[in-house]
Amino acid sequence: AILVCLIYIFEYINYNYEQVLHFVLQINGKRKNNLIKSKNNKHIYKITFFCYNEIYFSELFYSFGDDIMATLKKQRRIDTDNRIKAAAVEVFAEYGYERAQLSYMSKIAGISIGLIGQNFGSKQDLFMSVVRDGYDNLHKIFNDIGENKSWKEYLIELLQYFKSSMNDEEIKKRIAFTSTIANSKDTPHCYLEESVKELEKTPVADALRIGQKNGEVKDGHPGILYALFFRTACNIIVSCNKNNIALPEDEWFLSLVRK
């Protein structure tokens, strides 16, 4: 982190060394002559600037380094959390909720179990963080699909997205995660509650309501209907990929909610 900070500071000096020099001279006047002699050569100046023990580098670091350090710390936390969640997706997809162990995730992510607990708390907290990320991605997909479509159009567009993305390893892992967790008896009840709540926010829910009014869609809570469709679709996609067989036609998937 210190090395990266120095690189940023070097860049700053490279374009603003006159201002930095003025700042340093205010801090330490004893080296004024030496620094001024070095000013005409930027490279010599930089070496001179960082080598004199009497210059209070800590003052300069405090002035220019706080924002850099804060940014680096924030980015490091984001990178660490993403590694943990990526490992969690793999482990939950393979073992289900109850048998999934933080030690497995720790090994895959290359991060200590203590850090996982520090960043996420309990296994359930980590699990729900992964679930929410999945629904955030789903909302982005529907933003790309657009608005004011029928329930058939939405569901077919979603299926086409999954079919076209099956070479993407991250999406395949996400689908496997959904399939495993949705079919595990030991999955926390909060998963279903969160799923229904998030799916209710998608435009599909409103489209399903319109379909129900028109007598096209089965009765029931639109969020639950969509959750069942989504779970079944993930199960079928995982099974077909595993056995290397073709997916059913779109009409078969639509029959899951059609009246």
Side-chain angles (χ1 to χ4, degrees), residues 1-8 65-144 158 161-195 197-199 201 227 230-231 233-235 237-242:
I2 296 297
L3 178 58
V4 174
C5 287
L6 291 178
I7 292 172
Y8 274 100
D66 278 359
D67 289 342
I68 296 171
M69 289 300 294
T71 300
L72 290 173
K73 184 176 180 180
K74 181 179 179 180
Q75 187 57 51
R76 186 168 62 245
R77 172 63 184 266
I78 292 172
D79 292 343
T80 299
D81 286 355
N82 287 340
R83 286 166 60 192
I84 293 171
K85 287 189 283 190
V89 168
E90 289 189 43
V91 173
F92 284 127
E94 183 174 355
Y95 296 99
Y97 180 81
E98 191 65 32
R99 294 193 300 127
Q101 300 294 322
L102 295 182
S103 58
Y104 303 162
M105 303 173 198
S106 171
K107 185 175 181 179
I108 293 173
I111 292 171
S112 69
I113 295 178
L115 187 57
I116 295 177
Q118 178 181 323
N119 287 15
F120 289 96
S122 66
K123 182 172 79 171
Q124 181 169 314
D125 292 332
L126 172 56
F127 171 76
M128 292 308 299
S129 179
V130 170
V131 169
R132 292 186 186 101
D133 278 358
Y135 285 115
D136 286 343
N137 292 334
L138 189 62
H139 293 318
K140 292 177 184 176
I141 294 172
F142 282 114
N143 287 336
D144 293 336
L158 183 62
Y161 173 82
F162 285 141
K163 290 177 182 179
S164 64
S165 303
M166 287 316 296
N167 291 327
D168 187 318
E169 288 299 319
E170 293 303 315
I171 293 179
K172 287 173 68 174
K173 290 175 183 177
R174 277 283 177 180
I175 293 175
F177 167 85
T178 301
S179 176
T180 301
I181 292 302
N183 291 285
S184 297
K185 295 181 180 179
D186 55 19
T187 299
H189 184 66
C190 57
Y191 169 74
L192 179 59
E193 295 176 347
E194 187 74 16
S195 296
K197 182 178 73 174
E198 291 298 325
L199 293 174
K201 297 177 183 177
F230 193 71
R231 181 188 70 181
C234 288
N235 289 343
I237 291 171
V238 169
S239 178
C240 288
N241 282 335
K242 184 177 181 180

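Heavy atoms only: backbone and side chains are in, while hydrogens, waters and symmetry mates are out.
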Over all atoms of both residues, closest heavy-atom pair of Leu199 and Ala227 = CD1-CA, 3.3 Å
task = Taking Ser129 for its side chain and Asp125 for its backbone only, find out whether a donor-acceptor pair lies under 3.5 Å.
result = no
task = Could you check whether the rings of Phe230 and Tyr135 sit parallel, tilted or perpendicular, using 30° and 60° as the cut-offs?
result = tilted
ask   = Looking at side-chain heavy atoms only, is the closest gap between Cys190 and Gln124 below 4.5 Å?
value = yes
key: Separation between CE of Met128 and CG of Asp133, rounded to the nearest 0.5 Å   = 11.0 Å
key: Exercise: identify the closest heavy-atom pair between Lys123 and Phe92   = CG-CZ, 4.0 Å
query = Nearest heavy-atom pair of Ala88 and Val130: which atoms, and what distance?
reply = CB-CG2, 3.9 Å
message = Quick check for you: to the nearest 0.5 Å, what is the distance between Phe120 atom CZ and Leu115 atom CG?
response = 9.0 Å
Which pairs would a plain distance check flag for residues 177-189, meaning a side-chain donor or acceptor within less than 3.5 Å of a matching protein atom at least two apart in sequence or in another chain?
{"unit_1": "Thr178", "atom_1": "OG1", "unit_2": "Arg174", "atom_2": "O", "d": "3.1"}
{"unit_1": "Ser179", "atom_1": "OG", "unit_2": "Asn235", "atom_2": "OD1", "d": "2.6"}
{"unit_1": "Thr180", "atom_1": "OG1", "unit_2": "Ala93", "atom_2": "O", "d": "2.7"}
{"unit_1": "Thr180", "atom_1": "OG1", "unit_2": "Ala176", "atom_2": "O", "d": "3.0"}
{"unit_1": "Asn183", "atom_1": "OD1", "unit_2": "Asn235", "atom_2": "ND2", "d": "3.4"}
{"unit_1": "Asn183", "atom_1": "ND2", "unit_2": "Ser179", "atom_2": "O", "d": "2.5"}
{"unit_1": "Asn183", "atom_1": "ND2", "unit_2": "Asn235", "atom_2": "OD1", "d": "2.6"}
{"unit_1": "Ser184", "atom_1": "OG", "unit_2": "Thr180", "atom_2": "O", "d": "2.7"}
{"unit_1": "Asp186", "atom_1": "OD2", "unit_2": "Glu98", "atom_2": "N", "d": "3.2"}
{"unit_1": "Thr187", "atom_1": "OG1", "unit_2": "Ile181", "atom_2": "O", "d": "2.6"}
{"unit_1": "Thr187", "atom_1": "OG1", "unit_2": "Ser184", "atom_2": "O", "d": "3.2"}
{"unit_1": "His189", "atom_1": "NE2", "unit_2": "Glu193", "atom_2": "OE2", "d": "3.3"}

query = Can you name the closest pair of heavy atoms from Ile111 and Arg83 and give their distance?
reply = CG1-NH2, 3.7 Å
request  = Answer yes or no: is there a side-chain heavy-atom contact under 4.5 Å between Ile108 and Glu90?
outcome  = yes
query = Looking at NZ of Lys107 and CD of Gln101, how far apart are the two atoms once the value is rounded to the nearest 0.5 Å?
reply = 13.5 Å
query = Say you draw a straight line from CG of Asn241 to NZ of Lys172; how long is it, rounded to the nearest 0.5 Å?
reply = 6.0 Å
Carboxylate-amine/guanidinium contact Lys140 Asp136, below 4.0 Å = no
message = Are Leu126 and Met105 packed together at the side-chain level, in the sense that at least one heavy-atom pair is separated by less than 4.5 angstrom?
response = yes
query = If you round to the nearest 0.5 Å, how far is CG of Asn119 from CD1 of Ile84?
reply = 5.0 Å
message = As an exercise, state the distance from CG of Asp81 to CD1 of Ile116, rounded to the nearest 0.5 Å.
response = 10.5 Å
